[in-house]
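Predicted model only: the values in this text are computed from it and were never measured.
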Amino acid sequence: MSKSTNRRVPSGRRTTSTQSAMSTGSTSRGRSGRDRTGTGPSAQPAAAGLKGFRSRHPVVSALVPVALVLAVLATMVIVKVTSGSSAPALAASRLAGGGTVPAVDPGITALAPGVAAALEVPAATLDNVGSPSSVVAPSRTGENQILRGTDGKPVVTYIGAEYCPYCAAERWSIAVALSRFGTFSNLSGTHSASNDVYPNTQTLSFYGSQYSSPYLDFEPVEEATNQVVGNSYATLQRPTAAESDLLARFDAGGSIPFLDIGNTYVVIGASYSPQVLAGLSQSQIAGQLANPSSPVAQAIDGAANEITAAITQVTGEQPTSIANSPAIASIAKSLGA
Amino acid sequence: MTTHAIEARRVPRWAQFSALALALAAAAVASYLTVTHYSDPASLACPDTGVVNCTLVTTSSWSVFLGVPVAVLGLAWSLVMVGLTLPRSWRTASVALDRARLAASSLGVVAVVYLVYVELFRIGAICLWCTAVHVLAVCLFGMVLAARAVARPHVPAPV
């Protein structure tokens with residue numbers, strides 16, 4: 001009964017079943033259907049033409065939605081290609097080195113106002129801080145060959161992750177030190193994982209940042225975000241083969257943060273305890289960088305001085321204004337320069 | 001009640017088996033993505049140093065939808081499509097099954113458009129294995145539409 005009913009309602013459909021193909025049957029259905037619904041005479045030729053095409057090319061007609069989908073996908077690709085990268089750009093040095101592609105990092109936020117400017121700590125403050133005993137100094141690798149980029153400048157490589165509280169601490173010092181040799185742009189804010197030690201330590205992320213300097217190249221790698229995925233953290237960037245090689249040679253345990261300064265000095269782990277930053281916002285941390293008596297400045301600026309001194313050893317003590325400053329010159333001696 | 005049912009038609013065997021093959025292929029790739037999602041996402045056989053970066057895509061925050069990994073959703077969808085494209089399913093005279101097949105394949109294409117958007121504009125990287133599933137999903141959608149279009153009228157034998 002049900003089949004009978006189904007075939008009965010569109011009366012034309014019964015006609016189709018007696019014909020050899022669907023084509024003529026469809027046309028017949030269309031005409032009879034249109035006539036009953038009262039479509040105007042002027043629309044009939046067009047409708048009939050459309051029906052005729054559908055009848056003659058049923059598969060082609062049926063695949064029109066597929067063509068539309070492909071058109072949408074092609075449009076997206078064209079828009080993407082022609083608009084360039086709207087995602088945050090990675091550090092220029094990393095792009096030049098064939099690093100990973102730009103991507104949106106859900107773990108980062110805009111840097112709090114004033115933080116970027118505060119990274120340029122006055123030289124007098126840095127000299128005043130000097131080298132506190134609580135700060136760990138970079139270690140010599142024993143290598144004599146300075147690692148240089150294709151532009152001939154020494155390469156400073158950082159490998160860390162946004163979830164890592166020790167990386168959170170070390171980034172402040174790296175940023176302060178590198179800000180003496182060049183300029184950062186597009187730095188972002190982030191924090192360490194909330195379920196690790198020193199939870200939610202406020203910091204900045206090198207992911208998507210750019211750094212330019214006449215003295216050195218900076219290649220940062222943020223291996224993961226602070227976003228939990230499964231029982232780990234979402235992967236963000238992967239070291240290149242050369243960066244992995246550095247890690248394997250000087251940091252067999254694969255600990256992060258890892259800072260390689262021209263293959264000559266390395267810092268493995270944080271140079272000071274992240275506890276110093278506990279409970280402080282990015283703005284509060286940045287606000288204390290210029291106060292040499294504050295614990296934050298003692299830690300961050302002190303570690304930055306150590307890094308700075310190591311950098312001057314691979315830049316040929318350039319610029320002299322930094323290399324000859326009292327604190328840096330003193331630290332450089334203790335580094336075994 | 002509409003009567004435009006496929007029940008009174010017969011879908012050619014080539015269309016039936018092509019659709020099934022596409023669904024099985026999608027299930028196979030989705031299985032691989034699911035296994036690697038739960039084991040080691042970095043182990044995907046895929047370059048990860050350029051625009052093509054499977055690990056970046058499959059471990060991004062976009063790889064989970066409503067708490068469920070997209071790889072798992074893809075596997076579930078492809079298994080449903082396998083069921084809907086089995087020869088027995090094609091032979092079943094059911095309007096609901098025909099609609100379900102069309103709806104499921106359409107849902108797959110909608111998901112493809114969304115995921116390609118996410119890859120291009122949110123993550124900035126393309127996952128080759130995901131793209132394979134996307135291609136299969138679009139092809140499957142086309143095959144379902146084509147199968148419905150070429151379905152021949154079925155004249156019941158006179159009683």
For L145(B) and A62(A), the nearest pair of non-hydrogen atoms, with its separation, is CD1-O, 3.2 Å
Rounded distance (nearest 0.5 Å) linking atom OH of Y38(B) with atom CG of N231(A): 11.0 Å
For the residue pair F121(B) and M76(A), what are the closest heavy atoms and their distance? CZ-O, 3.4 Å
Can you tell me which portion of V77(A) sits under 4.5 Å from chain B's heavy atoms? Options are side chain, backbone, both or neither. both
Provide the closest heavy-atom pair for G142(B) versus V66(A) in the form atom of the first, atom of the second, distance. CA-CG2, 3.4 Å
Pick one of side chain, backbone, both or neither for V113(B), based on which atoms fall under 4.5 Å of a heavy atom in chain A. both
Output for pair (L120(B) CG, I78(A) CD1), nearest 0.5 Å, gives 11.5 Å
